[in-house]
Amino acid sequence: EVVLPFIIPKGTSITTGIQEVVDYSKYDGTWTNYTIRDGLPSNNIISIASTPDAVWCGTLKNGVGVFQNLTGSWSSITDPSMSGEKSVTSIAVGANYVWFAWKEELRNGVSRYDILQKEKPWEKWVVTEWEELVPTTRITNSNMINVGADDEGMWVGTDDDVLFYDHSTSSWSRPFNHPSELRGYAPVCILVLDDSVWFATENGLGRLDKKLVGRVEQIRQRLQSGQ
């Protein structure tokens with residue numbers, strides 16, 4: 001049995017990832033296999049996403065490899081925000097940003113790449129940190145992390161939290177805990193589509209209405225102000 005867990009459309013081709021990256025050209029019906037011999041940082045591909053100019057591949061403990069459509073070549077991300085033995089478990093694209101959820105031995109977090117920013121395009125946040133000797137900067141405590149994004153911001157799913165990063169305010173919030181039917185089941189995949197955020201878990205599929213989140217935040221603010 002062959003399992004292709006990551007399939008993305010890319011112009012005139014379709015790209016998949018598993019123990020290598022495979023690109024199928026819809027133009028001439030040919031297949032192309034990419035491995036470390038072609039510039040990938042690792043053959044262990046565990047996440048994949050595309051932007052108009054590139055394909056981004058997350059690896060097991062070797063960070064991110066990127067394929068530039070213009071040059072037809074692979075390279076590794078060497079920015080400090082992606083350094084170390086990071087396993088990139090999830091990649092999401094929203095607006096002009098590419099978001100990467102990553103895990104290391106003692107911490108996990110999110111890195112963001114700004115496609116339009118040339119000087120300092122990378123930024124990093126630690127979501128969970130277990131190293132007691134280092135002052136913690138963690139946002140929440142979780143072993144698992146996945147991301148989904150749209151033009152408004154980025155959603156992070158963890159073991160027991162749903163976090164949201166707002167582009168307009170550059171701030172984090174906890175709009176909700178998981179919907180009650182999914183409590184205790186961490187999302188393994190997040191998709192943001194129109195006004196809905198979809199969470200796939202081992203217990204089924206949950207949907208979060210972004211419009212409802214906005215109304216809940218308004219009610220909270222009124223209660224806090226005593227209105």
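In this text the structure is predicted, and so the values were computed from the model without any measurement. Positions are given from 1 along the sequence.
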Subject >> Closest non-hydrogen atom pair, Met154 against Val147 >> reply: SD-CG1, 3.7 Å
Original post:
Among the clusters formed by ILVMFWY side chains lying less than 4.5 Å apart, do Trp125 and Val156 turn up in the same one?
Top reply: yes
Original post:
How many angstroms lie between CZ in Phe199 and CG in Leu208, if you round to the nearest 0.5 Å?
Top reply: 5.0 Å
Original post:
Does a side-chain heavy-atom distance below 4.5 Å link Thr59 with Val64?
Top reply: no
Original post:
Is the backbone N or O of Lys124 less than 3.5 Å from a side-chain atom of Ser111, with the two atoms forming a donor-acceptor pair by type?
Top reply: no
**OP:** Answer with yes or no whether the hydrophobic clustering places Ile36 together with Ile77; edges join I, L, V, M, F, W, Y residues whose side-chain heavy atoms lie under 4.5 Å apart.
**Re:** no
Side chains of residues 93-101: which donor-acceptor pairs under 3.5 Å do they make with residues two or more places apart or in other chains?
from	atom 1	to	atom 2	distance (Å)
Asn96	ND2	Asp114	OD1	2.6

**OP:** Rounded to the nearest 0.5 Å, what's the gap from CG on Asn43 to CG on Asn62? Could you check?
**Re:** 9.5 Å
**OP:** Check salt bridge (Lys or Arg N to Asp or Glu O under 4.0 Å) between Glu152 and all other residues, then give those that pass, not counting sequence neighbours.
**Re:** Lys210
Subject >> Identified side chain to side chain contact (heavy atoms under 4.5 Å, CB included) counterpart of Trp122 within the set Gln117, Met82, Arg112 >> reply: Met82
Subject >> Ser76 to Gly39 - nearest heavy-atom pair and separation >> reply: OG-O, 4.1 Å
Original post:
Rounded to the nearest 0.5 Å, what separation is found between the CG atom of Leu163 and the CH2 atom of Trp155?
Top reply: 10.0 Å
**OP:** Please examine the side chains of Thr51 and Ile115, heavy atoms only from C-beta on, and report whether any two atoms are closer than 4.5 Å.
**Re:** yes
Original post:
Does the ring center of Tyr34 lie less than 6.0 Å from the ring center of Trp74?
Top reply: yes
Subject >> Short side-chain donor-acceptor distance under 3.5 Å, Ser168 and Asp166 >> reply: yes
Original post:
So, do Phe67 and Leu40 sit near enough that their side-chain heavy atoms are less than 4.5 Å apart?
Top reply: no
Original post:
Taking Ser87 for the side chain and Thr89 for the main chain, is one N or O donor matched with an acceptor at less than 3.5 Å?
Top reply: no
Original post:
With distance as the sole test, does Asn69 use its side chain to make a donor-acceptor pair with the main-chain N or O of Gly72 at under 3.5 Å?
Top reply: no
Original post:
According to the salt bridge (Lys or Arg N to Asp or Glu O under 4.0 Å) rule, which pairs have a member within residues 82-102, sequence neighbours left out?
Top reply: Lys86-Glu104
Subject >> OG-OH distance between Ser81 and Tyr113, expressed to the nearest 0.5 angstrom >> reply: 11.0 Å
Subject >> Flag, side chain of Thr35 to backbone of Arg37, donor-acceptor distance under 3.5 Å >> reply: yes
**OP:** Sequence neighbours left out, what passes side-chain contact (heavy atoms from CB on, under 4.5 Å) with Ser75? Give chain and number order.
**Re:** Val66
**OP:** Give the minimum heavy-atom separation between Ile91 and Gly58, together with the two atoms involved.
**Re:** CD1-N, 3.5 Å
Original post:
Which pairs, with at least one residue in residues 38-62 and sequence neighbours excluded, count as a salt bridge (Lys or Arg N to Asp or Glu O under 4.0 Å)?
Top reply: none
Original post:
Which residues satisfy the salt bridge (Lys or Arg N to Asp or Glu O under 4.0 Å) test with Glu105, sequence neighbours excluded?
Top reply: none
